Amino acid sequence: GGAGGNPVFGIGKALAEGDDDNSDEEVESEEEMEGDEKFLCEGVKAVNLVAGPGIPTQAELFEGLNCQPGAMVSRKQLSEDLSTLLSTGLFQNVDANVQPTGKGYIVEFTFREKVWPGMVEFKVSGATVLPDNIEEQVLKEARKSKYTTVRVLAAAKNIIEGHYQEKGLTFGTISHFDGMETGKVLAHIIEGEITSVNLVYIDNAGNTAPTGSTNPRVVRRELPFRVGQLYNVEDAKRALRDIFLLQLFDNVQVVPKPDDADPQKVAVDIVLKERALKTAEVELEWGIAPGEKGRPDLVSARPGGSVFLEHRNLQGEGRQLYGSVSTSNFLSPQDDLGFKLEYVRPYLWGDKDPNRTNLNVSAFNSRKLSPVFTGGPFSDEVPSIWVDRAGAKVTI
């Protein structure tokens, strides 16, 4: 683990060498602090801290310490901070210099980088998807340095974790290294194996709901995640796309997180906010034209328009039913009444159908005046001719 228990850059359970010799000199300028009296920490500084890609930054190392700007800190807590920094295994020694200021103290941590013998062998443990030549690649890079240092281990970390990032395996990481004292380095890998996939429903207020209107099976059959597989960010993108295409949810989120029972593995939460199951819309219209005095006037007092009804989730199975009726005269709709009815059933052949076959059944009718059979500008008036259309369509 890293500083303060935060897994930043672990080196197993390495202990600093020679700590007993320096135990009396770890904290300087303590004569001004009697006993275990607390003092005000006004700031924290780092001296000789190694920096570079893959190496923990000052902010990461100091994140879990007791010494924080504005905190009241005791001598015991300061010693705990030194032990926390040493337990990362990155440093040969860490000293703390406490310097008084106007109102409190500045704590200055001085680091001495740990140095091990040159690397003669490199192996990985716990990896299942790394290429066979990755160990050789890391060893070749490490042999450019006479000694194994934090920079050398960071380079190995960047090579291995870079491979996982390229594959979309965002949880693929090195938990810690072992064997630096012998030159035979072993990297322990965490790959992000999925232990559970959970559906989490939320209501309009953002609170978690025990269940939703949709059968969980309808959502799960769209998920590429499987227990035992490695979490992949591309799978998350596919899940978002396919669940949104169901048209059942206003909001969908894929939230991966460390499993509570085993933090080295991943639990995936699918957060869902359902849309309204039923929708009804009514649209009315009147024809308006200039009257005798040039002012707008109702051409007809008979309203026209349409009525639309929709059910997006019949029986919670994701089956959808749409219906619409339209006419130019609701008071006498038989003149030009038109309707359309549509039914959609996904996964016609079952949840395991790889083609995701849908059944779409629709029936329709329309009745309109023919624009062809009309009289010309100087011809006699021609009786109105209505064109009726009716039909049905089935699509698989």
Side-chain angles (χ1 to χ4, degrees), residues 1-14 52-57 60 63 87-90 119 121-142 148 150-180 184-200 220 222-243 253-271:
N6 190 18
V8 179
F9 191 94
I11 313 290
K13 298 181 180 179
I55 300 176
T57 63
E60 291 171 330
E63 181 181 7
S87 67
T88 64
L90 297 173
M119 192 181 301
E121 181 180 284
F122 181 82
K123 298 292 182 182
V124 296
S125 173
T128 61
V129 296
L130 288 175
D132 295 336
N133 65 342
I134 193 105
E135 295 173 336
E136 181 181 346
Q137 181 182 350
V138 171
L139 184 59
K140 181 180 179 180
E141 187 68 23
T148 299
V150 173
R151 294 183 180 88
V152 172
L153 296 179
K157 180 181 177 74
N158 293 337
I159 292 173
I160 291 177
E161 294 185 359
H163 176 81
Y164 283 108
Q165 295 296 324
E166 290 176 1
K167 298 292 185 180
L169 303 172
T170 53
F171 281 86
T173 184
I174 295 178
S175 63
H176 61 279
F177 294 94
D178 279 332
M180 286 76 68
K184 298 180 179 181
V185 179
L186 178 65
H188 296 266
I189 307 294
I190 298 174
E191 293 191 316
E193 179 184 339
I194 297 175
T195 57
S196 63
V197 181
N198 310 302
L199 303 186
V200 181
R220 291 188 180 279
E222 303 294 335
L223 298 177
F225 303 115
R226 296 290 182 272
V227 173
Q229 294 181 352
L230 303 183
Y231 178 83
N232 192 312
V233 69
E234 295 301 322
D235 289 340
K237 294 178 181 178
R238 284 176 52 202
L240 287 174
R241 179 197 65 195
D242 292 344
I243 295 176
Q253 298 179 43
V254 177
V255 183
K257 59 183 181 181
D259 191 316
D260 293 336
D262 186 354
Q264 296 188 352
K265 297 184 179 181
V266 180
V268 181
D269 286 349
I270 310 297
V271 182

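From a predicted model like this one, the values you see are computed outputs, not experimental measurements.
- Note that the CD atom of E234 and the OG1 atom of T170 stand 10.5 Å from one another [nearest 0.5 Å].
- Under the 3.5 Å distance criterion, the side-chain polar atoms of E191 are left unmatched by any main-chain donor or acceptor of L230.
- In this structure, the side chains of L186 and F122 stay at 4.5 Å or more apart for every pair of heavy atoms.
- Residues D259 and V266 fail the side-chain proximity criterion, which asks for heavy atoms closer than 4.5 Å.
- Residues passing the side-chain hydrogen bond (donor to acceptor under 3.5 Å, both in side chains) test with S125, sequence neighbours excluded: none.
- Between P258 and P263 the shortest heavy-atom distance is CB-O, 3.6 Å.
- Taking a 6.0 Å sphere around CD of E136, one finds it holds 12 or fewer heavy atoms contributed by other residues, nucleotides or ligands.
- The number of heavy atoms from other shown groups lying within 6.0 Å of CG (D260) does not exceed 12.
- Between the side chain of R226 and the main chain of L223, a donor-acceptor pair closer than 3.5 Å is present.
- Under the 4.5 Å side-chain criterion, counting only non-hydrogen atoms from C-beta, I270 is not in contact with N198.
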Full working for side chain to side chain contact (heavy atoms under 4.5 Å, CB included) between V254 and K237: CA-CA 9 Å; V254 177; K237 294 178 181 178; over 6 Å; no
Would H176 and D178 count as a side chain to side chain contact (heavy atoms under 4.5 Å, CB included) if you check the C-alpha gap in whole Å, the side-chain angles of each, and the deciding distance to 0.1 Å? CA-CA 7 Å; H176 61 279; D178 279 332; 3.8 Å; yes
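- Among all heavy-atom pairs drawn from G172 and Y164, the shortest one is CA-CG, 3.7 Å.
- Counting all heavy atoms, side chain and backbone alike, A267 lies closest to S196 at CB-OG, 3.5 Å.
- Between atom CD of residue Q253 and atom CD1 of residue I243 there is a gap of 11.5 Å, rounded to the nearest 0.5 Å.
- Residue K140 holds its NZ atom at 10.5 Å from CG of N133, rounded to the nearest 0.5 Å.
- V268 is not listed as a side-chain neighbour of T195, based on a closest heavy-atom distance of 4.5 Å or more.
- Take F171 and apply the ring pair (Phe, Tyr, Trp, His ring centres under 6.0 Å) test, not counting sequence neighbours, and it matches Y231.
- Minimum interatomic distance between K257 and D269 (heavy atoms only, all atoms of both residues): NZ-OD2, 3.0 Å.
- Going from atom CD of Q264 over to atom NE2 of H188 covers 10.0 Å, rounded to the nearest 0.5 Å.
- L153 is listed as a side-chain neighbour of M180, based on a closest heavy-atom distance under 4.5 Å.
- Residues R238 and D235 are in side-chain contact: their nearest non-hydrogen atoms beyond the backbone lie under 4.5 Å apart.
- Rounded to the nearest 0.5 Å, atoms NE2 (H163) and CG (N158) are 15.0 Å apart.
- The heavy-atom pair separating E193 from K265 by the smallest distance is O-CB, 3.3 Å.
- A pairwise comparison of heavy atoms in P56 and L90 identifies CG-CD1, 3.9 Å as the closest pair.
- Residues I174 and E161 form a side-chain contact, since some pair of their non-hydrogen atoms from C-beta on lies under 4.5 Å apart.
- Within the 4.5 Å cutoff, side-chain heavy atoms of M119 are placed close to those of V152.
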